[in-house]
Amino acid sequence: MSLNGLGEPSGTQQPPTLFPVPEPAPPRPSRRRVPRTPETHAGVGTGDPGARPAGADSGGGPTNARALARSQPVDVDEAGRQLVFFGAETVEPTVADLAGLLAGPGEVVRMGGTARLSMVVDAPWRVHVLVAELAQRGIAASWEPTEDERHAVRTSYTRTLKPLAVAWLRGAAKRPPAGFHLNGRRLRLWLAAAGEVDPPGCRLHLGAADEECWDPVGRALAAVGLAGELLDPAAGGPAYLITGRTRLRRLAELVGERPPAAPPPTWP
């Protein structure tokens with residue numbers, strides 16, 4: 001494989017095709033708006049990776065989640081399925097969503113006025129999903145196999161990613177910005193890149209060298225109702241283990257429907 005001057009593949013590659021990718025899903029049914037019930041939990045999130053969500057305290061969490069839940073509407077489709085406000089299916093994709101990759105093992109580097117996002121994933125279906133998610137946000141990505149039989153996914157250097165890099169980098173070290181929070185889109189990307197459904201729970205893997213990020217990310221999970229147990233490398237981590245029927249249902253609501261390329265056992 002030839003490389004250009006930046007060390008990237010010189011040609012555009014297609015994700016690995018170890019299994020057929022299903023045809024795109026049919027158009028979604030129309031929705032109607034109904035008042036939110038008190039039992040529905042509210043998520044948090046804004047489009048700006050450094051912005052603080054409405055009603056957030058200094059730690060980036062809601063100050064009164066129950067009151068916020070009562071005040072927000074929720075979508076219900078024609079089949080009667082409830083869609084969580086701030087879930088992945090209720091907001092449009094933005095570049096700020098890529099903070100979800102950085103909450104996990106994703107890395108960002110700067111070069112001049114541009115930046116590049118990269119991550120290593122363990123399965124071909126993750127490559128398909130991530131390349132498609134990046135394309136939805138107008139960002140081209142390539143991939144290549146690694147020596148340990150995984151797959152390195154990386155974007156090109158682009159000005160579009162500079163604000164994300166500015167928010168997350170302290171010198172060369174990755175750190176969540178002040179007020180960092182999670183929402184459905186960010187969690188969906190994190191799950192696609194490094195989530196592992198491990199009944200009776202789900203592991204969200206972290207960057208092995210990102211120990212300074214682990215606690216802020218854990219607080220952001222707790223703020224959206226997904227408080228998890230931090231697993232060390234000896235227990236299959238670093239990762240947050242989400243358990244309990246209520247939390248797993250909450251996670252499934254937030255990340256939305258399974259991507260067509262993801263095998264059913266890999267999605268909550």
Side-chain angles (χ1 to χ4, degrees), residues 1-21 98-111 115-135 139-157 161 164-165 168-169 172-175 186-199 201-214 217 228-242 255 258-268:
M1 179 184 303
S2 62
L3 303 178
N4 62 20
L6 298 176
E8 300 173 338
S10 60
T12 300
Q13 301 187 52
Q14 298 297 321
T17 53
L18 302 188
F19 54 85
V21 179
L98 303 180
L101 297 174
L102 298 179
E107 298 291 338
V108 65
V109 294
R110 294 180 63 181
M111 184 177 70
R116 181 178 73 181
L117 189 65
S118 63
M119 67 225 74
V120 175
V121 299
D122 61 7
W125 73 263
R126 298 188 193 274
V127 179
H128 282 283
V129 175
L130 292 175
V131 169
E133 290 280 359
L134 289 163
I139 299 173
S142 61
W143 71 275
E144 62 182 1
T146 64
E147 293 182 355
D148 58 355
E149 298 184 351
R150 296 190 294 169
H151 310 279
V153 179
R154 61 171 63 91
T155 72
S156 57
Y157 280 96
L161 293 173
L164 194 71
W168 277 79
L169 291 179
K174 185 179 78 172
R175 299 286 186 274
R186 296 180 181 191
L187 283 163
R188 182 179 179 86
L189 287 166
W190 186 2
L191 180 66
E196 179 186 1
V197 176
D198 184 18
C202 180
R203 301 182 188 210
L204 295 172
H205 288 272
L206 301 155
D210 300 332
E211 189 170 354
E212 293 298 320
C213 299
W214 298 350
V217 169
E229 176 188 358
L230 179 60
L231 303 179
D232 61 28
Y240 276 103
L241 176 63
I242 311 299
V255 300
R258 175 177 60 87
T266 64
W267 207 256

W168 versus A103, closest heavy-atom pair with distance: CH2-N, 4.0 Å
Spatial distance of atom OH (Y240) from atom SG (C202) [nearest 0.5 Å]: 14.5 Å
Verdict with reasoning, L230 to L206, per side-chain contact (heavy atoms from CB on, under 4.5 Å): CA-CA 10 Å; L230 179 60; L206 301 155; 3.6 Å; yes
Closest approach of Y157 to R110 (non-hydrogen atoms, all atoms of both residues): CE2-C, 4.4 Å
Test side-chain hydrogen bond (donor to acceptor under 3.5 Å, both in side chains) applied to R258 - qualifying residues, sequence neighbours left out: none
By side chain to side chain contact (heavy atoms under 4.5 Å, CB included) - contacts of T146 (at least two apart): V120, D148, R150, A152
Closest non-hydrogen atom pair, C213 against K174: SG-O, 3.1 Å
Pairwise side-chain contact, V109 with L169, heavy-atom cut-off 4.5 Å (strictly under): no
pair M119-P105: side-chain heavy atoms closer than 4.5 Å: no
Contact check, side chains of R154 and R116, non-hydrogen atoms, under 4.5 Å: yes
Sub-4.5 Å side-chain heavy-atom contact between L187 and W190: yes
Nearest heavy-atom neighbours spanning W214 and P238: CZ2-CB, 3.4 Å
Nearest-0.5 Å distance that lies between atom CD in E149 and atom CG in D122: 12.0 Å
Expected output: side-chain R126 to main-chain A192 donor-acceptor under 3.5 Å: yes
Residue pair A141 / V131: nearest heavy atoms and the distance that separates them: CB-CG2, 4.4 Å
Pairing residues for D232 by the side-chain hydrogen bond (donor to acceptor under 3.5 Å, both in side chains) criterion, not counting sequence neighbours: none
Residue list, side-chain hydrogen bond (donor to acceptor under 3.5 Å, both in side chains) with E196, at least two apart or on another chain: H205
Within-4.5 Å side-chain heavy-atom neighbours: I242 and P268: no
Contact check, side chains of L117 and L102, non-hydrogen atoms, under 4.5 Å: yes
Results of side chain to side chain contact (heavy atoms under 4.5 Å, CB included) for E133 - residues two or more places apart only: V129, Q136, R137, R185, R188, L189
By side chain to side chain contact (heavy atoms under 4.5 Å, CB included) - contacts of L241 (at least two apart): R203, E229, L231, T243
Exercise: identify the closest heavy-atom pair between V121 and A193: CG1-O, 3.7 Å
Criterion side-chain contact (heavy atoms from CB on, under 4.5 Å) on L98 and I139, from CA distance to verdict: CA-CA 11 Å; L98 303 180; I139 299 173; 3.8 Å; yes
